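A note on names: the letters A, B, ... follow the listed sequences, proteins ahead of strands, and every chain is numbered from 1. This one's a predicted model, so the numbers in the text were calculated from it and none came from an experiment.
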Protein chains: 2
Amino acid sequence: MIKTDVDLMVKFLRGFSDKTRIQILESIKDQEKTVSEIVEDLNGKQSNISQHLACLKGCGLIVGRQDGKFIKYSLRNQQVRDLLTMFHTVFEEVQTDIACCENHIE
Amino acid sequence: MIKTDVDLMVKFLRGFSDKTRIQILESIKDQEKTVSEIVEDLNGKQSNISQHLACLKGCGLIVGRQDGKFIKYSLRNQQVRDLLTMFHTVFEEVQTDIACCENHIE
DNA sequence: CACACATATTAGTGGTTGCTAATATGATGA
DNA sequence: TCATCATATTAGCAACCACTAATATGTGTG
């Protein structure tokens with residue numbers, strides 16, 4: 001770590017560390033969607049999704065724009081999309097080893 | 001998400017979602033190190049570091065090899081290194097927006 | 001084998017975080 | 001403006017997870 005603040009970096013990365021958030025990111029990866037659409041996509045609760053969206057927005061991973069009575073969310077930029085793609089790539093190659101992190105750190 | 005299991009994916013990504021683990025990854029990014037060296041690097045407790053190492057190993061992000069009485073850890077491969085680099089890149093560009101995730105999801 | 005050093009594991013605990021339900025805010029259109 | 005729909009926020013709770021201290025395993029050396 002050169003100069004960037006580690007704590008902030010971790011907050012950024014924490015955006016990726018939850019199932020619901022990953023699913024949201026995947027859901028809007030290719031097209032922007034309204035909150036309701038995402039809720040339906042994930043079969044989740046509106047308040048829960050809304051909280052995660054706020055988190056992802058705060059982490060700089062997504063952006064929202066008002067569109068009539070809706071708010072449409074999409075990935076912040078191509079880099080975030082690339083990051084998601086790269087996760088898949090590295091993950092594929094590593095998948096078999098992952099049994100880790102049961103409950104506590106382990 | 002195409003075919004890969006989301007839960008497993010999240011376990012993989014959770015490897016990146018903790019300050020100590022990020023610091024470990026950065027610490028061994030360019031050269032393999034023994035546990036003691038990492039402990040010293042981070043100014044941490046041996047048992048704690050050891051647990052995080054186990055987690056990172058389980059997540060497929062690092063590998064360890066016995067070397068005499070020591071065990072030396074290093075990043076699993078170039079892809080993981082690339083991922084770390086890419087974090088920095090995207091993070092730099094996004095940094096100002098990150099105030100998120102205070103305590104609860106927010 | 002016994003001792004010393006390096007690392008791993010376990011148990012217990014406190015703080016963090018994601019969930020739900022209820023309520024509040026905000027925007028649109030009659 | 002009032003009613004309605006879309007989204008955000010809050011409070012409370014349960015589960016999770018990282019931390020420390022203590023102990024165990026393992027490896028090399030006398």
Interface residues of residues 63-75 of chain B with DNA chain C (non-hydrogen, below 4.0 angstrom): B/K69, B/F70, B/I71, B/Y73
Determine whether a donor-acceptor pair (one donor, one acceptor, N or O, separation below 3.5 Å) exists between the side chain of A/Q51 and the base of C/dT17. no
Return yes if the base of D/dA21 and the side-chain atoms of B/S47 contain a donor-acceptor N/O pair under 3.5 Å, otherwise no. yes
I'd like to know if A/E32 and A/R65 make a salt bridge, using a cut-off of under 4.0 Å between side-chain N and carboxylate O.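 A salt bridge is present here (some side-chain N lies under 4.0 Å from a carboxylate O).
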Considering just the side-chain nitrogens and oxygens of [X], establish if one lies under 4.0 Å of OP1 or OP2 belonging to [N].
X	N	result
A/N48	C/dC19	yes
A/H52	C/dC19	yes
A/R14	C/dT16	no
B/T20	D/dA18	no

In Å and rounded to the nearest 0.5 Å, what is the [atom1] to [atom2] distance from [X] to [Y]?
X	Y	atom1	atom2	result
B/I49	B/E37	CD1	CD	13.0 Å
B/L75	B/D30	CG	CG	8.0 Å
A/I38	A/T34	CD1	OG1	7.0 Å
B/I62	B/K29	CD1	NZ	15.5 Å

Compare every heavy atom of [Y] with every heavy atom of [X], then report the nearest pair and how far apart it is.
X	Y	result
A/K57	A/Y73	NZ-OH, 3.8 Å
A/D18	A/H52	OD2-CE1, 3.4 Å
A/Q79	B/T89	NE2-CG2, 3.6 Å

In whole angstrom, give the distance that lies between atom [atom1] of [X] and atom [atom2] of [N].
X	N	atom1	atom2	answer
B/E40	C/dA6	CD	C1'	14 Å
B/K45	C/dA8	NZ	C1'	17 Å
B/E37	C/dC5	CD	P	17 Å
A/I22	C/dG18	CD1	P	12 Å
B/K57	C/dA8	NZ	C1'	9 Å
A/K19	C/dG18	NZ	C1'	13 Å
B/L42	C/dT7	CG	C1'	16 Å
A/Q46	C/dC19	CD	P	14 Å

Do B/Q23 and B/D41 have side-chain N/O donor and acceptor atoms under 3.5 Å apart?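 B/D41 and B/Q23 do not have a side-chain donor-acceptor pair below 3.5 Å.
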I want to check something: taking the side chain as every heavy atom from C-beta on, are B/V90 and A/F12 in contact at a cut-off of under 4.5 Å? yes
Writing each nucleotide of DNA chain C 5' to 3' as (, ), [, ], | or . by Watson-Crick or G-U pairing under 3.5 Å yields ||||||||||||||||||||||||||||||
Which is more 5' along DNA chain C, the nucleotide nearest B/V35 or the one nearest A/D18? Just name the residue.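 This one resolves to B/V35.
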